[in-house]
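The first residue of the sequence shown is numbered 1, and numbering continues consecutively from there. The analysis underlying the following values was restricted to heavy atoms, covering all of them including side chains, and did not include hydrogens, waters or symmetry mates.
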Amino acid sequence: MNKLVLITGGGRGIGAGLVKAFADAGYSVALTYCRGKEKAEALAATLGDKVAAFALDQADPASIRECIQAIEAHFSKSIDVLINNGAIAQEKPFADISADDFSQMLNTNLRGPFLLAQACIPAMQQQQFGRIINIGSIGGQWGGFNQVHYAAAKAGLINLGQSIAKIYSRDGIRANTISIGLVATEMTEHELSTEAGKQKAAAIPVGRVGTVDDIAPLALFLASTQSDYLSGQTLNANGGMYFG
């Protein structure tokens, strides 16, 4: 296989699971990190020469441009599959969310994926093949409580995927979103340790929180030609928490 996948936020959690799954499937993998350089580079080193880690602050347009250029130079090819997984989270009551909090959330979790897609799409158009997979959240579908700005950004991410699908599907590009529910990662560790989090987990219809292994096969499917008739769709990987 001569396909290159870019997985943002690939040094830990769901991102690290995606990196391993795509490497095992034979892809060349570029994973990005913002702060966890050692962990990301150690992960890449364990997976062989077809995997490499790159610095990226996706809230910074210049960093996005530099990262894409570095990836294409390293692998001597353009990106075939973009997985917008990298994100930040912040728990704050609605009344306490500042303008800066809101801007940072949208710049990282929504503008960043937009700029990454914008950078990758021209080469995808040229080769008449591309896959853009957004890792969304159930919060973007039913709203947030202590993470209203996070939920708003994730709602925008779903719409971004739909818009890309409308514009570029005829060019062989497919854009879809995997909207996850409660998945056991470092990002959700605090939430799942609270009484409210435990009650939320106990109410999941399938009887458990999700794992990285529940998400990776869906991403591999969406990256493949088997998903060619899916574009602009949202796959709800939430254990039955939400059916919309």
- Task: Given side chain to side chain contact (heavy atoms under 4.5 Å, CB included), test H149 with Q90 step by step and report yes or no.
- Result: CA-CA 8 Å; H149 47 342; Q90 182 187 46; 2.7 Å; yes

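- By the salt bridge (Lys or Arg N to Asp or Glu O under 4.0 Å) test, R208 is found to be paired with D214, residues two or more places apart in sequence or in another chain being considered.
- A donor-acceptor contact closer than 3.5 angstrom links the side chains of S231 and S169.
- For A117, the side chain to side chain contact (heavy atoms under 4.5 Å, CB included) criterion is met by L82, I121, I132, I164, not counting sequence neighbours.
- Side chains of L56 and T8 form a contact here, defined as non-hydrogen atoms less than 4.5 Å apart.
- Closest approach of L110 and A153 over heavy atoms only: CD1-O, 4.0 Å.
- Proximity of V148 to I97: side-chain heavy atoms (C-beta onward) are separated by under 4.5 Å at one or more points.
- The hydrophobic cluster containing M124 also contains I68, counting ILVMFWY residues as joined when their side-chain heavy atoms lie under 4.5 angstrom apart, directly or transitively.
- Among C34, C67, P113, S63, the one residue that satisfies the side chain to side chain contact (heavy atoms under 4.5 Å, CB included) test with Q58 is P113.
- No single ILVMFWY cluster, assembled from side-chain heavy atoms under 4.5 Å apart, contains both L160 and L235.
- Residues I138 and I180 form no side-chain contact, since every pair of their non-hydrogen atoms from C-beta on lies 4.5 Å or further apart.
- Applying the side-chain hydrogen bond (donor to acceptor under 3.5 Å, both in side chains) rule to pairs touching residues 66-81 yields K77-D80, D80-Q127, sequence neighbours excluded.
- Applying the ring pair (Phe, Tyr, Trp, His ring centres under 6.0 Å) rule to pairs touching residues 207-240 yields nothing, sequence neighbours excluded.
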Taking only distance into account, with no hydrogens and no angle test, what donor-acceptor pairs under 3.5 Å do side-chain atoms of residues 13-25 form with protein atoms, sequence neighbours excluded?
none

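- Checked against side chain to side chain contact (heavy atoms under 4.5 Å, CB included), A40 has the following partners two or more places apart in sequence or in another chain: L31, Y33, A53.
- Closest non-hydrogen pair, G136 versus T177, comes out as N-CG2, 3.8 Å.
- Closest of all the heavy-atom pairs between L43 and G10 is CD2-O, 3.3 Å.
- Distance check: R65 CZ to Q118 CD gives 10.5 Å after rounding to the nearest 0.5 Å.
- Looking at D101 and D96, their side chains never come closer than 4.5 Å, going by heavy atoms from C-beta outward.
- Residue pairs satisfying the side-chain hydrogen bond (donor to acceptor under 3.5 Å, both in side chains) criterion with at least one member in residues 235-244, sequence neighbours excluded, are listed as follows: Q141-N236.
- Hydrophobic clustering of Ile, Leu, Val, Met, Phe, Trp and Tyr side chains at less than 4.5 Å, counting indirect connections, keeps L218 apart from L6.
- Under the side-chain hydrogen bond (donor to acceptor under 3.5 Å, both in side chains) criterion, the residue pairs touching residues 36-57 are K39-E186, with sequence neighbours excluded.
- The ring pair (Phe, Tyr, Trp, His ring centres under 6.0 Å) pairs that include a residue from residues 109-138 number zero, where partners must be two or more places apart or lie in different chains.
- Neither L116 nor I88 shares a network with the other; the hydrophobic side chains, linked directly or stepwise wherever heavy atoms of I, L, V, M, F, W or Y lie under 4.5 Å apart, form separate groups for each.
- To the nearest 0.5 Å, the span separating CG on N109 from CD on Q104 amounts to 9.0 Å.
- Residues satisfying the side chain to side chain contact (heavy atoms under 4.5 Å, CB included) criterion with D228, sequence neighbours excluded, are R131, R174.
- Here the closest heavy-atom approach between residue N176 and residue G232 is recorded as OD1-N, 3.2 Å.
- Follow the hydrophobic side-chain contacts under 4.5 Å out from V5 and you never reach F54; the two are in separate clusters.
- A distance of 5.5 Å separates CG in L182 from NZ in K200, rounded to the nearest 0.5 Å.
- Scored by the side chain to side chain contact (heavy atoms under 4.5 Å, CB included) test, F145 finds no partners at all (sequence neighbours excluded).
- Residues in residues 77-105 take part in no ring pair (Phe, Tyr, Trp, His ring centres under 6.0 Å) pair, two or more places apart or across chains.
- Considering CD1 of I158 and OG of S163, their distance stands at 12.0 Å, rounded to 0.5 Å.
- Side-chain contact check for R111 versus P61: some heavy-atom pair is nearer than 4.5 Å.
- The distance from atom CG of D60 to atom CG of L115, rounded to the nearest 0.5 Å, is 10.0 Å.
- Atom CD of Q226 has 12 or fewer neighbouring heavy atoms from other residues, nucleotides or ligands inside a 6.0 Å radius.
- Atom CG of residue L157 and atom CD1 of residue I135 lie 9.0 Å apart, to the nearest 0.5 angstrom.
- Between Y27 and A223, the shortest heavy-atom contact is OH-CB, 3.7 Å.
- Checked by atom type, the side-chain pair E91/N146 shows no donor-acceptor distance below 3.5 Å.
- Side-chain contact between I133 and V81 is present, with heavy atoms from C-beta onward closer than 4.5 Å.
- Using a 4.5 Å cut-off on side-chain heavy atoms (C-beta onward), I83 and N134 make no contact.
- A donor-acceptor pair under 3.5 Å links the side-chain atoms of S227 to the main chain of L222, judged by distance alone.
- Heavy-atom minimum distance, G139 versus A151: O-CB, 3.2 Å.
- The backbone N or O of S137 lies less than 3.5 Å from a partner atom in the side chain of S179, making a donor-acceptor pair.
- The shortest side-chain heavy-atom distance between I7 and V29 falls under the 4.5 Å cut-off.
- Using modelled atom types, no side-chain atom of D171 and backbone atom of Q125 make a donor-acceptor pair closer than 3.5 Å.
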